[in-house]
Amino acid sequence: MLQTVCILGATGSIGESTLKVLAEHPDQYSVFAVTANSRIEKLIEICKQFNPKIAVVPSVHVDRFAQLLKQHQLQHIEILADEAGLLAVAAHPDVDIVMAAIVGAAGLLPTLAAVKAGKRILLANKEALVMSGEIMLQAAKQHNALLLPVDSEHNAIFQCLPQNYLQLETNNQPQLGVSKILLTASGGPFLNFSLDQLQTVTPAQACKHPNWSMGRKISVDSATLMNKGLELIEACHLFSISEHFVTVVVHPQSIIHSMVQYVDGSTLAQMGNPDMCTPIAHALAWPKRISTSVPALDLFLNQQLNFQEPDIQRFPALALARQAMRIGGTSPAILNAANEIAVAAFLEEKISFTAIPEVVEFTINKITPNNAESLDVILHADHLARDVARQRVEQLIGGQ
Ligand code: NDP
Ligand code: MG
């Protein structure tokens, strides 16, 4: 039986890797729905190749998209629009698997819709989990959804954990002999830059990651180490452990994608060439395995595996994220929202690279976090944090 896949964020970097894996297994998977935000021409190319049943675009693009579909004799593809369209395809009764690969907070409600519809969810959109944490995990339990990590580190940890670890009751302690999670970080393109050098780096430099090819937002997050901070929070939620059981290890080669330590002295690592097709294929087929075009690791070509501690003086975003996780409640949502605003301002060349953690810290210090007891409370914190972060960005632009 073919399994049907809905790709939220099909035009992005993860979307592209997902389609690449699916194209290699047409006998097992079919693309049911795809979504885009701005790259409409790219979505047409995807529709030509995969012929989905439904495509979702923002309403401002619907007319042009419909015209383009007609031009390519694809008018049988149903068009849905905006958030309502995203929610509809994420929870569609004919969908088996949802790839959650929209970037940022925009992915939260569609991902939750898939969770509440009890789907197998391939979770790339870490911001959604960082924001909603317990609420998303509880909903997954309640609705029998399978939340599988696609983020390469979390997928690696999942592979190194005992079977069924994700199904355990949550208690914030490592269980089944696990003692620690070692979350690896490449260190990003500025690993060896001084604080002075960091002041003047450009968006183009920040988006040129040494090992991974990714969307612009996550590339900047990798460069500030906020990505690792978000991943620390993601790991605490996914694997139900307190933040002090997660150690961040800088490993510039990105060959080991993370590790799990056990009480008997064992350390298990998952290794592979840095290509998102591997974790995507793993999450798609789990507990089975399917092939990808990623070449097997040649250890004779990669003779060096280096490790070092992260430097939180030069990369304070990591410490801010750890602090947000420790505080809990709406703190991670506030951190995430402020970061999204700051990264967008940096990408638009309005603020410097080093101003990104500054805006985040300012916002966290300005807002008192609440218990994240409902989605409304979380979304309210998100909106408030965006307002505060925007004000701080304006002040910085004005030289204050
Ligand atoms: P991209 O920027 O390449 O893609 C983002 C996708 O989301 C695009 O399809 C984009 O549409 C869509 N999108 C953006 N804004 C909105 C919106 N407001 N409403 C609906 N759709 C929207 O990002 P990545 O693929 O790199 O990352 C996606 C997610 O996966 C992120 O959360 C990231 O942290 C995570 N991730 C990515 C990894 C990677 O290697 N790239 C690794 C691990 C996690 P369009 O392009 O049409 O504008
Ligand atoms: Mg990652």
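Read the numbers this way: they start at 1 and go in the same order the structure lists the ligands and their atoms.
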* To do: With the Mg ion (ligand 2) as the reference point, give the N/O/S atom of E153 that is nearest.
  => OE1
* Mind checking ring-ring contact (aromatic ring centres under 6.0 Å, His included) for F239 and listing every partner two or more places apart, or none if nothing turns up? => none
* Asked: Polar-atom distance check: G215 versus ligand 1, any N or O pair below 3.5 Å?
  -> yes
* Of all N/O/S atoms in D151, which lies nearest to the Mg ion (ligand 2)? -> OD1
* Starting from atom 48 (O) of ligand 1, find the nearest protein heavy-atom neighbour and note its residue, name and distance. => S38 OG, 2.6 Å
* Verdict with supporting geometry, T35 and L43, side-chain contact (heavy atoms from CB on, under 4.5 Å) -> CA-CA 8 Å; T35 84; L43 192 65; over 6 Å; no
* Asked: At what distance is the nearest protein heavy atom to atom 32 (O) of ligand 1, and which residue and atom is it?
  -> E127 OE1, 2.6 Å
* W212, any N or O under 3.5 Å of ligand 1 N or O -> no
* Nitrogen or oxygen of I218 less than 3.5 angstrom from that of ligand 1 -> no
* From the options T11, N227, D82, N37, select the one whose nearest heavy atom is closest to atom 16 (C) of ligand 1. => N37
* Asked: Is E309 atom CD crowded by more than 12 heavy atoms from other residues, nucleotides or ligands, each under 6.0 Å away?
  -> no
* Structure fact -> the protein heavy atom lying closest to atom 3 (O) of ligand 1 turns out to be S13 N, 2.9 Å
* **Test of proximity, S152 against ligand 1: N or O pairs below 3.5 Å** => no
* Note: E45-K42 ion pair, threshold 4.0 Å (strictly below) -> no
* Asked: With a cut-off of 4.0 Å, which atoms of ligand 1 are near a heavy atom of A36?
  -> 47 (O)
* Relative to atom 38 (C) of ligand 1, which among V103, V130, I14, D151 owns the nearest non-hydrogen atom? -> I14
* To do: Count the heavy atoms belonging to other residues, nucleotides or ligands that lie under 6.0 Å from NE2 of H244, then report whether that count exceeds 12.
  => yes
* Asked: Considering only heavy atoms, does M214 approach ligand 1 within less than 4.0 Å through its side chain, its backbone, both, or neither?
  -> both
* **K141 NZ: over 12 foreign heavy atoms closer than 6.0 Å** => yes
* To do: Write the atom name of the N, O or S atom in E231 that is nearest the Mg ion (ligand 2).
  => OE2
* Asked: Heavy-atom distance to atom 6 (C) of ligand 1: which of A101, S17, A100, G15 wins?
  -> A101
* To do: Would you check the N or O atoms of R216, main chain and side chain alike, for any that come under 3.5 Å of an N or O of ligand 1?
  => no
* Asked: Do you know which of K228, H257, Q270 makes side chain to side chain donor-acceptor pair (under 3.5 Å) with E153?
  -> K228
* Applying ring pair (Phe, Tyr, Trp, His ring centres under 6.0 Å), run through F190 and F353 and close with a yes or a no. => CA-CA 11 Å; F190 307 137; F353 180 78; 5.1 Å; yes
* Asked: Are R64 and E41 ion-paired here, with the side-chain N under 4.0 Å from a carboxylate O?
  -> yes
* With backbone taken as N, CA, C and O and side chain as the heavy atoms from C-beta onward, which portion of K217 lies under 4.0 Å from ligand 1: side chain, backbone, both, or neither? -> neither
* Asked: Nearest heavy atom to atom 35 (C) of ligand 1: which of P149, A106, A124 does it belong to?
  -> A124
* Asked: Which residue supplies the protein heavy atom nearest to atom 34 (O) of ligand 1, what is that atom called, and how far is it?
  -> K126 CE, 3.2 Å
* Charged N-O contact under 4.0 Å between E78 and K53 -> no
* To do: Just do the side chain to side chain donor-acceptor pair (under 3.5 Å) check on D264 and S266 with the steps written out, would you?
  => CA-CA 6 Å; D264 62 3; S266 299; 2.9 Å; yes
